[in-house]
Amino acid sequence: QVQLVESGGGSVQAGGSLRLSCAVLRYTYGSNCMAWFRQAPGKEREGVAVIYTGSGTTYYGDSVKGRFTISQDAAKNTVYLQMNSLKPEDTAMYYCAADFVIESPGMWLHTGAFGNWGQGTQVTVSS
């Protein structure tokens, strides 16, 4: 079981920035990637970004490409999501996830591919 703890959420005006953190407090062999998902009220959970921790390969959801950046600090067992040019439609609960997922542009987008989730951190963007 992987224990994940998110932080860094908050309220910001449109055009602003936030950086989310996901700390891995307990790790078990087998996970090869960490991802960020988000879920707005009444909507399905959607993939935001993923980083494959061994290769450093990253993929992004179409709605955040060019605005969000996922990165990792292996020494701190932490993954970050830098969010710039935030829009009101980015408002959601953001979740960190980890598991072994085949490295490809699309496999990580399926929430069912991840068995380890954090509790989430709320991001609210006002216009």
Side-chain angles (χ1 to χ4, degrees):
Q1 190 78 19
V2 179
Q3 185 175 358
L4 307 171
V5 178
E6 303 97 333
S7 62
S11 297
V12 65
Q13 289 191 327
S17 298
L18 283 174
R19 188 178 79 158
L20 305 184
S21 299
C22 176
V24 182
L25 299 187
R26 189 166 63 242
Y27 174 81
T28 57
Y29 178 79
S31 294
N32 71 334
C33 71
M34 294 185 66
W36 287 96
F37 286 77
R38 67 185 183 186
Q39 188 166 21
K43 294 188 176 181
E44 293 186 353
R45 195 169 294 191
E46 66 167 340
V48 174
V50 66
I51 185 165
Y52 284 85
T53 53
S55 65
T57 300
T58 60
Y59 297 106
Y60 296 89
D62 289 340
S63 61
V64 306
K65 285 179 182 176
R67 300 187 298 124
F68 291 10
T69 303
I70 189 171
S71 62
Q72 62 176 335
D73 184 332
K76 296 182 178 179
N77 288 330
T78 299
V79 169
Y80 303 99
L81 184 69
Q82 178 66 43
M83 306 186 296
N84 298 328
S85 302
L86 283 162
K87 304 175 182 180
E89 51 263 45
D90 294 318
T91 295
M93 184 71 79
Y94 282 71
Y95 298 91
C96 181
D99 216 308
F100 183 88
V101 181
I102 295 174
E103 188 170 324
S104 79
M107 290 295 291
W108 68 277
L109 290 168
H110 304 286
T111 56
F114 292 87
N116 304 286
W117 294 86
Q119 293 300 307
T121 185
Q122 177 68 37
V123 171
T124 302
V125 184
S126 58
S127 58

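Atom OG1 in Thr57 sits 8.5 Å away from atom CD1 in Ile51 (nearest 0.5 Å). Rounding to the nearest 0.5 Å places CG of Leu109 at 8.5 Å from CZ of Phe114. In this structure, Phe68 CZ and Leu20 CG are separated by 8.0 Å, a value rounded to the nearest 0.5 Å. The CD atom of Glu6 sits 12.0 Å away from the CD atom of Gln122 when rounded to the nearest 0.5 Å. With values rounded to the nearest 0.5 angstrom, Tyr52 atom OH is found 11.5 Å from Ser31 atom OG. Considering CE of Met34 and CG of Asn77, their distance stands at 8.5 Å, rounded to 0.5 Å.
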Identify all side-chain donor-acceptor contacts of residues 39-50 below 3.5 Å with residues at least two apart in sequence or on another chain.
residue	atom	partner	partner atom	Å
Gln39	OE1	Arg45	NE	3.2
Gln39	OE1	Arg45	NH2	3.3
Gln39	NE2	Lys43	O	3.1
Glu46	OE2	Arg38	NE	2.6
Glu46	OE2	Arg38	NH2	3.1

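No hydrogens or angles considered: a donor-acceptor pair under 3.5 Å links the side chains of Ser55 and Glu103.
Side chain of Asn116 to backbone of Asp99: no donor-acceptor contact under 3.5 angstrom is found. When atom types are taken as modelled, the side chain of Thr78 and the backbone of Asp73 share no donor-acceptor pair closer than 3.5 angstrom. At least one donor-acceptor pair closer than 3.5 Å links the side chain of Gln72 to the backbone N or O of Thr53. Put simply, the side chain of Thr121 gets close to the backbone of Gly9: a donor and an acceptor are under 3.5 Å apart.
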Problem set entry | Residues Met83, Val123; criterion side chain to side chain contact (heavy atoms under 4.5 Å, CB included); working and verdict | CA-CA 10 Å; Met83 306 186 296; Val123 171; 3.8 Å; yes

Problem set entry | CA sep, side-chain torsions, deciding dist, call: Ile102, Trp108, side chain to side chain contact (heavy atoms under 4.5 Å, CB included) | CA-CA 8 Å; Ile102 295 174; Trp108 68 277; over 6 Å; no

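Placement of Leu4 and Phe100 in two distinct hydrophobic clusters is found when ILVMFWY residues are connected by side-chain heavy-atom separations under 4.5 Å, directly or transitively. Clustering ILVMFWY residues whenever any of their side-chain heavy atoms sit less than 4.5 angstrom apart, transitively, puts Leu18 in a cluster other than the one holding Tyr80.
For the pair Ile70 and Val79, the minimum side-chain heavy-atom distance is below 4.5 Å.
Here the closest heavy-atom approach between residue Tyr59 and residue Ser104 is recorded as CE1-O, 3.4 Å. Here the closest heavy-atom approach between residue Ser126 and residue Pro88 is recorded as C-CG, 4.5 Å. Between Asp62 and Lys65, the shortest heavy-atom distance links the atoms OD1-NZ, 3.1 Å.
Each of Phe37, Trp36, Tyr94 was compared with Trp117 under the ring-ring contact (aromatic ring centres under 6.0 Å, His included) criterion, and only Phe37 meets it.
Partners of Asn84 by side-chain contact (heavy atoms from CB on, under 4.5 Å), not counting sequence neighbours, listed by chain and number: Ser17, Gln82. Applying the disulfide (SG to SG under 2.5 Å) test to Cys96 and every residue at least two apart in sequence or in another chain returns Cys22. Qualifying salt bridge (Lys or Arg N to Asp or Glu O under 4.0 Å) partners for Arg67, counting only residues two or more places apart in sequence or in other chains: Asp90.
Legend: disulfide bond (SG atoms under 2.5 Å apart) pairs involving residues 54-85, not counting sequence neighbours: none detected.
Other residues sharing the hydrophobic cluster of Leu25, ordered by chain and number and joined by side-chain separations under 4.5 Å: Val5.
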